[in-house]
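Down below is the structure, laid out as structure tokens.
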Amino acid sequence: GATWNIGFFDGTSVIWPKADMLTGVTATLVKSVMSGSGMSSIDSIVHLSQVSETWAAFATNASVGVRAIQSIDSVELLDDSPVIRNLQLQYAAIPGEPL
């Protein structure tokens with residue numbers, strides 16, 4: 001997306017699409033809290049045909065944090081995945097920077 005990044009959960013790891021893109025601040029923060037909590041993630045090319053092999057997907061953006069994606073085309077995804085809820089909680093717990 002032009003203003004967001006996407007991650008997929010395959011039951012084991014979070015997969016971040018490997019493509020020409022700008023990685024946003026929120027995605028970078030989510031990756032940081034994931035590595036600090038021992039969650040594994042990989043960067044990999046993700047084809048539309050592979051979406052049905054994932055359990056869940058989420059978007060990251062500075063205005064929404066981590067938001068579950070319910071479906072991509074006709075593929076229904078878990079929008080109440082414990083992994084996504086965990087990422088939402090970890091992201092929300094990042095302390096703000098004083099100005």
Side-chain angles (χ1 to χ4, degrees):
T3 61
W4 51 275
N5 292 109
I6 189 167
F8 299 92
F9 180 66
D10 68 358
T12 305
S13 302
V14 170
I15 302 166
W16 297 95
K18 186 176 183 180
D20 290 335
M21 64 181 180
L22 294 174
T23 302
V25 171
T26 305
T28 301
L29 290 170
V30 169
K31 287 180 181 183
S32 175
V33 296
M34 285 177 55
S35 66
S37 68
M39 290 183 69
S40 65
S41 71
I42 58 172
D43 295 337
S44 179
I45 294 173
V46 178
H47 296 280
L48 185 57
S49 62
Q50 294 172 287
V51 171
S52 62
E53 299 168 14
T54 62
W55 294 15
F58 59 92
T60 62
N61 176 283
S63 63
V64 298
V66 177
R67 175 179 267 171
I69 295 176
Q70 293 181 330
S71 66
I72 298 174
D73 285 346
S74 62
V75 179
E76 297 289 325
L77 300 163
L78 295 174
D79 62 343
D80 61 347
S81 167
V83 169
I84 292 176
R85 184 68 186 135
N86 184 29
L87 290 175
Q88 290 169 327
L89 292 171
Q90 287 186 57
Y91 176 74
I94 297 171
E97 294 183 19
L99 297 176

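Atoms considered below: every heavy atom in the structure, side chains included; atoms not considered: hydrogens, waters and symmetry mates.
Annotation: side chain of Val75 is not in contact with side chain of Leu48 (no heavy-atom distance under 4.5 Å).
Minimum heavy-atom separation, Ala27 to Asn5: CB-OD1, 3.6 Å. What you find for Ser52 and Ser49 is that their closest heavy atoms are OG-O, 3.6 Å. In terms of heavy atoms, Leu77 sits closest to Ala57 at CD1-CB, 3.7 Å.
Residues Phe9, Val14, Trp16, Val25, Leu29, Val30, Val33, Met34, Trp55, Phe58, Val66, Leu78, Val83, Ile84, Leu87, Tyr91, Ile94 make up the rest of the hydrophobic cluster containing Met39, defined by ILVMFWY side-chain heavy atoms closer than 4.5 Å, directly or through other members. Hydrophobic cluster membership of Met21, counting Ile, Leu, Val, Met, Phe, Trp and Tyr whose side-chain heavy atoms lie under 4.5 Å apart directly or via other members: none, as it forms a cluster of its own.
Not counting sequence neighbours, the partners of Ser13 by the side-chain contact (heavy atoms from CB on, under 4.5 Å) test are Asp10, Ser40.
Separating the OG1 atom in Thr23 from the CG atom in Asp43 is a distance of 7.5 Å, to the nearest 0.5 Å.
Listed by first and then second residue, the side chain to side chain donor-acceptor pair (under 3.5 Å) pairs involving residues 60-73 are Asn61-Ser63, Gln70-Asp79 (not counting sequence neighbours). Within the structure, the side chain to side chain donor-acceptor pair (under 3.5 Å) test picks out the following pairs touching residues 25-38 (sequence neighbours left out): Ser37-Gln90.
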